[in-house]
Amino acid sequence: MGKFRSIVISRLMGSGGSYIGYLAARELGFRYLDREILREASDRLGVDTALIEHAEERSAGIIESLLRSFSSGAPESAFIPPMGRAVYERDLFQLESRIMNRVVDEVGAVIVGRGAFYALKDRPEVFRVFIHAPLEFRIRRVMEVRKNAEYETVKSQVIESDRRRTKFVKDIIGVNWMDARNFHLCVDSSAVDFRSILGMIKNFFS
């Protein structure tokens, strides 16, 4: 076993990064974490995960505004008692960072997304990967998964996902999350098949 003990994967929507992360966790015997981090943080903050998982990657203040509107009991929504304190994206990210650091202290893990590349940047035992691909490749791959999806709808979703993730990381962390210097390995999944990318990653853990 080399110096690395865990993996974080950042990925563009439709690039296959989550699937590659799942394969890596299965073959290396690591714990796979994606939305589990958000669920644990939400539980600790006393916030319903469903209220924030879609707003999380938007600009600062969205989560607080969303929670305030739900707490006021809008006619079309079920009443939710007011929160004891405001919940900001930065609160959530800082808590998720603590959870991620605790996890890699305890077990070998593959963590997908969650800003883990930054939260764990000072951990020399964590291998950081960025999976990307051209827009058209990613649109087509999402359409393969969502059998009845329309091209223009998927294109809009992929572009919006890129915009939201970039803005979220810039607002909360203050860095360009697609900068290659954030990672040990950057791979274009349209040029290198998933199994080969998995093999590249595994080579660092042999």
Side-chain angles (χ1 to χ4, degrees), residues 4-22 24-25 30-45 47-67 86-133 138 157-187 189 201:
F4 297 112
R5 296 290 183 272
S6 289
I7 304 166
V8 299
I9 296 181
S10 296
R11 78 285 186 228
L12 293 176
M13 180 180 180
S15 66
S18 296
Y19 179 62
I20 293 166
Y22 169 78
F30 287 176
R31 184 179 174 189
Y32 179 83
L33 296 165
D34 186 347
R35 290 183 175 160
E36 287 182 47
I37 300 290
L38 176 60
R39 283 196 291 271
E40 181 173 341
S42 300
D43 287 344
R44 292 195 190 184
L45 291 170
V47 180
D48 185 343
T49 305
L51 294 181
I52 60 176
E53 62 182 352
H54 297 302
E56 184 184 36
E57 294 176 337
R58 298 181 183 177
S59 60
I62 287 291
I63 291 177
E64 181 195 10
S65 299
L66 181 64
L67 292 175
V87 178
Y88 295 89
E89 285 94 333
R90 192 166 282 103
D91 293 332
L92 183 64
F93 178 73
Q94 289 175 351
L95 178 54
E96 286 184 330
S97 296
R98 292 196 293 272
I99 292 169
M100 288 186 278
N101 274 278
R102 187 208 71 213
V103 167
V104 299
D105 280 340
E106 297 174 351
V107 296
V110 175
I111 302 175
V112 177
R114 325 299 333 151
F117 78 92
Y118 187 84
L120 301 173
K121 64 182 176 62
D122 296 323
R123 305 292 297 256
E125 75 276 27
V126 175
F127 187 63
R128 301 187 303 277
V129 181
F130 179 50
I131 309 296
H132 61 96
R138 294 187 289 131
Q157 291 171 342
V158 172
I159 292 173
E160 177 63 10
S161 174
D162 291 352
R163 186 195 69 79
R164 287 191 290 108
R165 288 180 181 179
T166 299
K167 184 169 178 55
F168 172 75
V169 174
K170 187 68 175 177
D171 286 349
I172 302 304
I173 302 173
V175 300
N176 177 2
W177 75 292
M178 289 188 279
D179 188 332
R181 291 171 294 184
N182 295 317
F183 306 98
H184 298 104
L185 176 67
C186 298
V187 187
S189 58
I201 294 171

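- Nearest heavy-atom pair, V126 versus H184, reported as atom, atom and distance to 0.1 Å: O-CE1, 3.3 Å.
- Across all non-hydrogen atoms, the minimal contact from S6 to F30 is CA-CE1, 4.2 Å.
- For D162, the side-chain hydrogen bond (donor to acceptor under 3.5 Å, both in side chains) partners are R138, not counting sequence neighbours.
- Residues forming a salt bridge (charged side-chain N to carboxylate O under 4.0 Å, His left out) with R123 (at least two apart in sequence, or on another chain): D105, E125.
- Closest non-hydrogen pair, S97 versus A119, comes out as OG-CB, 3.4 Å.
- Between Y118 and F93, the two ring planes are tilted [angle within 30° to 60°].
- Residues R164 and K167 form no side-chain contact, since every pair of their non-hydrogen atoms from C-beta on lies 4.5 Å or further apart.
- Considering every non-hydrogen atom in both L185 and V187, the closest pair reads CG-CG2, 3.6 Å.
- For R98, there are no salt bridge (charged side-chain N to carboxylate O under 4.0 Å, His left out) partners two or more places apart in sequence or in a different chain.
- Residue pairs meeting the salt bridge (Lys or Arg N to Asp or Glu O under 4.0 Å) criterion with at least one member in residues 172-184, sequence neighbours excluded: D179-R181.
- Taken from CD1 in I201 to CZ in F127, the straight-line distance is 6.5 Å, to the nearest 0.5 Å.
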query = So V8 and V104, side-chain contact (heavy atoms from CB on, under 4.5 Å) or not? Walk me through it.
reply = CA-CA 10 Å; V8 299; V104 299; over 6 Å; no
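- The number of heavy-atom neighbours closer than 6.0 Å to OH of Y22, taken from other residues, nucleotides and ligands shown, is 12 or below.
- Taking F117 as the reference, F183 meet the ring pair (Phe, Tyr, Trp, His ring centres under 6.0 Å) condition, with sequence neighbours excluded.
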Please tabulate, for side-chain N and O atoms in residues 13-21, each donor-acceptor pair with protein atoms closer than 3.5 Å (sequence neighbours left out).
residue : atom : partner : partner atom : Å
S15     : OG   : L12     : O            : 2.7
S15     : OG   : I131    : O            : 3.3
S18     : OG   : R11     : NE           : 3.2

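- Taking 4.5 Å as the limit, some side-chain heavy atom of W177 sits within range of a side-chain heavy atom of T166.
- Remark: the backbone N or O of K121 is not paired with any side-chain donor or acceptor of N182 at under 3.5 angstrom.
- Taking CZ of R114 as the start and CE of M100 as the end, the distance is 7.5 Å to the nearest 0.5 Å.
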